[in-house]
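Below is one structure, written out as structure tokens, with a few remarks after it.
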Protein chains: 2
Amino acid sequence: MNDCSYIDKPLSLDTLFELSEFFKFFGDTTRIRIIEILMSGEISVNEIAEKLQLGQSAVSHQLRILRTAGLVKPRRAGRTIFYSLDDEHIGLIFNTGLAHILHKKGA
Amino acid sequence: MNDCSYIDKPLSLDTLFELSEFFKFFGDTTRIRIIEILMSGEISVNEIAEKLQLGQSAVSHQLRILRTAGLVKPRRAGRTIFYSLDDEHIGLIFNTGLAHILHKKGA
DNA sequence: TCAATATATGAACAATCATTCATATTTTCA
DNA sequence: TGAAAATATGAATGATTGTTCATATATTGA
């Protein structure tokens, strides 16, 4: 039932560091907004910039961070590059966090 | 089955900002290590500082952040204050992130 | 009440980081 | 080939943040 019970396993300092680094990627408004957009499917850099009303450079910088971290992946089509979520865990973490704050709001 | 499907609901800028702020709490090594310790049960400030080999002040500062955010709660017993996780979602998010990076490592 | 213990907090400093600006790279189409 | 379009990147800057040091608050026991 619960396949997420790592509680009792001893976690190395290294693993805990990686874990905090991983959550950092979700800890920025621009990146969270990009991730939310990507949850609806793949989309180009310019379209993201338009939707977020942000500069192309800012979006590209954040996409590089997300790409390097393995959260999103690019697909080239001509001169356009489409981005999409790389891993199914990304959406799950997004939604679990969302469930938490919506739950807190409702309470 | 999946009670985390908020994908299609329109999310306000405000909610997305809160969500990124929420993930920020997991995006620091010291806080993640504190959360991991707290997953085994309540524990005092000094004990946390000892386990982490950190100054009492640093731990107290991070605990205040976690407490203000509603991730941990204090219980006073004499002059000792014991902290524990406030919400069941916290452990779930911790473990989902952990599952992700362990999965990536195994691949 | 006074000293000792446990925790909290304010200020300061160093480090990290997101954005902007300018420019580089890559691809298409005329 | 050469201009235009889409994306990437390096440097600079302003803002945020974690830690440390010093000190404050709170509680216990003598």
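All chains are named by letter (A, B, ...) in the order of the sequence lines, taking the proteins before the strands, and each is independently numbered beginning at 1.
- Contact annotation: B:S57 does not reach the phosphate of C:dT9 (side-chain N/O to OP1 or OP2, under 4.0 Å).
- Taking atom CZ of residue B:R33 and atom P of nucleotide D:dT19, one finds them 10 Å apart after rounding to whole Å.
- Smallest separation of non-hydrogen atoms from A:T15 and B:I101: O-CD1, 3.7 Å.
- Residue A:T29 holds its OG1 atom at 10.5 Å from CG of B:D14, rounded to the nearest 0.5 Å.
- For A:K24 and C:dT16, the shortest distance from a side-chain N or O to OP1 or OP2 is not below 4.0 Å.
- A:L54 places its CG atom 15 Å from the C1' atom of C:dC21, with the value rounded to the nearest Å.
- Here the side chains of A:Q62 and A:L54 are not in contact, with every heavy-atom distance at 4.5 Å or above.
- Nucleic acid contact class of B:S60 (heavy atoms, under 4.0 Å, all strands): base.
- Non-hydrogen atoms lying under 4.0 Å from DNA chain C are contributed by B:H61, B:R64, B:R67, all within residues 61-75 of chain B.
- Here A:Y83 lies in heavy-atom contact (under 4.0 Å) with sugar-phosphate atoms only.
- Using modelled atom types, one side-chain atom of B:R76 and one backbone atom of B:G78 make a donor-acceptor pair closer than 3.5 Å.
- Using the six-membered ring where Trp is involved, A:F23 and B:F23 have ring planes that are parallel, under 30° apart on the 30 and 60° scheme.
- Shown here for A:G97 and B:F22, the closest heavy-atom pair between the two residues is CA-CE2, 3.9 Å.
- Put simply, CZ on A:F26 is 18 Å from C1' on C:dA18, counting in whole angstrom units.
- Applying side-chain hydrogen bond (donor to acceptor under 3.5 Å, both in side chains) to A:Y83 and the options A:K73, A:E42, A:R67 leaves one that passes, A:R67.
- Between A:I34 atom CD1 and D:dT7 atom P the separation is 13 Å, expressed in whole Å.
- For A:E47 and D:dA5, the CD to P distance is 17 Å, given to the nearest whole Å.
- Using a 4.0 Å cut-off, no side-chain N or O of B:N46 falls inside it from OP1 or OP2 of C:dT5.
- One can find a donor-acceptor pair under 3.5 Å joining the base of D:dA8 and the side-chain atoms of A:Q56.
- Nearest-nucleotide mapping onto DNA chain C: of A:G27 and B:F82, the residue sitting toward the 5' end is B:F82.
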Provide a list of protein-nucleic acid N or O atom pairs under 3.5 angstrom, restricted to nucleotides 24-30 of chain C.
residue : atom : partner : partner atom : Å
C:dT28  : O2   : A:R79   : NH1          : 3.4

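- Both B:I65 and A:F26 are members of a single hydrophobic cluster when ILVMFWY side chains are connected at heavy-atom separations under 4.5 Å.
- Distance CZ (A:R31) to P (D:dT16): 16 Å, rounded to an integer number of Å.
- Ion pairing between B:E21 and B:K24 holds under the 4.0 Å rule for side-chain N and carboxylate O.
- The distance between atom CD1 of A:I48 and atom C1' of C:dT19, rounded to the nearest whole Å, is 17 Å.
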